[in-house]
Amino acid sequence: MSLYQPFLETALALLKECLPLEPYPIPEGFDRKEATIGKGKREETVLTTSYGFQSPKLRQIRAAHVQGGNSLQVLNFVIFPQLNYELPFFGADLVTLPGGHLIALDMQPLFHNAAYQEKYSNPILPIFESYRQFLPWGGDFPEEAKPFFSPAFLWTRPQETAVVQTYVYKAFKDYLQAYLDFVAAAEPVTKPQALDAIQAAQLRYIRYRAEKDPARGMFTRFYGEEWTEEYIHGFLFDLERYLQYRQ
Ligand code: DBV
């Protein structure tokens, strides 16, 4: 079984327990995609499966699960709130490559002011601190990505799979539970100016992630450019399409 299957199952169970979930449409041909890579003894199948849900306060809850054998496992799980909530994004990028694991977990902020940080980062800091000794800072990451992370950004590169199965798994659950607490408490925003600011911040984030998706190269090699671009813009980071078509 894949390393990240228990993460996915736990997340979906927790979401179902806390929220009235409806399916979120996945474009045809993107819910499941398979490719065979390598030759002879090194032949591997890479399977990518997609999951999408929505709830009254959350526009899109989506996961991409890549299973490519022992040296390639990914769970990218992101929650995009409705545009009338100032909730942060829940972002998890759990990546296993031949060189080891790369773990990014955060409540990604819409805004960087003291009040926002007080509301959406400070409550997470005790959780963040409790894992720091087991999940040390992962070092360099792209400078231009910094504005999209919070002070509670858990970024770590464990060598051992056992660390992923224990501490990372627990941290993932704790962050998601804390996020669901934020969702439960969130009140809709109604002021036009505040709504404009939310939409602008969500667009900034989605454009950055679609443009810089670190999985683009991998997906293009496996499934081709056309499939990959459509997957990125039509499902993984689809806010622009959503705004175009919702009228
Ligand atoms: N990352 C995604 C999606 C993925 C995915 C949709 C479905 O956003 C996988 C798959 N992330 C993925 C893979 C790699 C990374 C790396 C396969 C490894 C790429 C490689 O080494 O070839 C956090 N993810 C990363 C890195 C970071 C993140 C910082 C290292 C990239 C680098 O060093 O260049 N999560 C990622 C990120 C944001 C985020 C950049 C920005 C807001 O939320």
Side-chain angles (χ1 to χ4, degrees), residues 2-8 10-11 46 48 63-79 88-113 116-117 120-179 201 204-222 228 232 236-237:
S2 133
L3 179 57
Y4 298 116
Q5 186 71 31
F7 289 68
L8 184 59
T10 297
V46 183
T48 298
H65 188 199
V66 182
Q67 294 166 266
N70 285 335
S71 56
L72 176 65
Q73 296 287 327
V74 178
L75 180 63
N76 182 269
F77 185 94
V78 183
I79 300 178
F89 306 96
F90 176 83
D93 202 14
L94 314 174
V95 179
T96 299
L97 297 171
H101 311 281
L102 179 161
I103 304 296
L105 197 53
D106 199 15
M107 315 278 182
Q108 300 189 275
L110 286 181
F111 307 113
H112 286 282
N113 58 61
Y116 195 88
Q117 190 166 316
Y120 289 121
S121 298
N122 293 1
I124 311 304
L125 289 177
I127 307 176
F128 172 74
E129 293 294 340
S130 75
Y131 287 103
R132 240 192 353 188
Q133 68 179 122
F134 310 108
L135 302 173
W137 180 245
D140 283 352
F141 75 101
E143 184 67 34
E144 60 192 2
K146 288 182 184 165
F148 300 107
F149 292 103
S150 85
F153 178 33
L154 196 59
W155 165 240
T156 189
R157 298 171 183 266
Q159 275 303 314
E160 310 231 335
T161 300
V163 170
V164 177
Q165 291 166 316
T166 54
Y167 295 112
V168 173
Y169 175 71
K170 284 205 197 80
F172 175 78
K173 268 205 307 200
D174 287 355
Y175 270 59
L176 185 57
Q177 183 58 255
Y179 186 79
R204 229 174 7 248
Y205 176 82
I206 216 118
R207 284 178 182 143
Y208 177 81
R209 297 242 11 211
E211 184 187 339
K212 302 287 172 167
D213 189 346
R216 177 176 266 111
M218 172 187 91
F219 281 137
T220 303
R221 263 183 289 124
F222 301 154
T228 299
I232 292 172
L236 291 176
F237 303 108

*Check whether any side-chain heavy atom of Q73 sits under 4.5 Å from a side-chain heavy atom of V66, and report yes or no.*
no
*State, yes or no, whether a side-chain contact exists between P151 and F128 at a heavy-atom distance under 4.5 Å.*
no
*Y4: partners by ring pair (Phe, Tyr, Trp, His ring centres under 6.0 Å), with sequence neighbours left out*: F7
*Passes side-chain contact (heavy atoms from CB on, under 4.5 Å), R216 versus I232? Steps please.*
CA-CA 8 Å; R216 177 176 266 111; I232 292 172; 3.7 Å; yes
*Check: T228 and M218 side chains under 4.5 Å, non-hydrogen atoms*: no
*4.5 Å side-chain heavy-atom contact, T156 and F134*: no
_Keeping S121 on the side-chain end and A152 on the backbone end, is there a donor-acceptor pair under 3.5 Å?_
no
*K146 vs E143, side-chain contact (heavy atoms from CB on, under 4.5 Å): CA-CA, chis, key distance, verdict*: CA-CA 6 Å; K146 288 182 184 165; E143 184 67 34; 3.0 Å; yes
*What distance do D213 atom CG and T220 atom OG1 have between them, rounded to the nearest 0.5 Å?*
9.0 Å
*Check salt bridge (charged side-chain N to carboxylate O under 4.0 Å, His left out) between R221 and all other residues, then give those that pass, not counting sequence neighbours.*
none
*asked:* Going by ring-ring contact (aromatic ring centres under 6.0 Å, His included), F90 matches just one of F77, Y175, Y120. Which one?
replied: F77
*Spatial distance of atom CG (D93) from atom CH2 (W155) [nearest 0.5 Å]*: 8.0 Å
*Inspect the surroundings of OH in Y167 and state if more than 12 heavy atoms from other residues, nucleotides or ligands are less than 6.0 Å away.*
no
*V95 and H101: CA distance, side-chain angles, deciding distance, side-chain contact (heavy atoms from CB on, under 4.5 Å) verdict*: CA-CA 6 Å; V95 179; H101 311 281; over 6 Å; no
*Within a strict 4.5 Å, meaning less than it, do heavy atoms of the S71 and T96 side chains meet?*
no
_Run N76 and V78 through side-chain contact (heavy atoms from CB on, under 4.5 Å) and show every step you take._
CA-CA 7 Å; N76 182 269; V78 183; 3.7 Å; yes
*With the side chain counted from C-beta on, respond yes when L94 and V74 share a heavy-atom pair under 4.5 Å apart, and no when they do not.*
no
*asked:* Quick check: closest heavy atoms across N122 and P126, and the distance to 0.1 Å?
replied: O-CD, 3.4 Å
Mind listing the side-chain donor-acceptor pairs of residues 102-111 below 3.5 Å, one per line with the distance, residues two or more places apart or on another chain?
{"residue": "D106", "atom": "OD1", "partner": "S150", "partner atom": "OG", "Å": "2.6"}
{"residue": "D106", "atom": "OD2", "partner": "S150", "partner atom": "N", "Å": "2.7"}
{"residue": "Q108", "atom": "OE1", "partner": "Y205", "partner atom": "OH", "Å": "2.4"}
{"residue": "Q108", "atom": "NE2", "partner": "F148", "partner atom": "O", "Å": "3.2"}

*Over all heavy atoms of both residues, which pair between Y208 and A145 is shortest? Give the atoms and the distance, please.*
OH-CB, 3.3 Å
*asked:* With a 4.5 Å cut-off on side-chain heavy atoms, are T48 and H65 touching?
replied: no
*Could you tell me the separation between the OG atom of S2 and the CG atom of L75, rounded to the nearest 0.5 Å?*
8.0 Å
*State which residues pass salt bridge (charged side-chain N to carboxylate O under 4.0 Å, His left out) with E144; sequence neighbours excluded, sorted by chain then number.*
K212
*Using a cut-off of 6.0 Å, state whether more than 12 heavy atoms not belonging to N70 lie near its atom CG.*
no
*asked:* Does anything in residues 163-179 form a salt bridge (charged side-chain N to carboxylate O under 4.0 Å, His left out)? List the pairs, not counting sequence neighbours.
replied: none
*Listed by chain and number, what are the ring pair (Phe, Tyr, Trp, His ring centres under 6.0 Å) partners of F149, not counting sequence neighbours?*
F141, F153
*L176 side chain reached by I79 side chain, heavy atoms, under 4.5 Å*: yes
*asked:* Please check: side-chain N/O of R157 versus main-chain N/O of P136, any donor-acceptor pairing under 3.5 Å?
replied: no
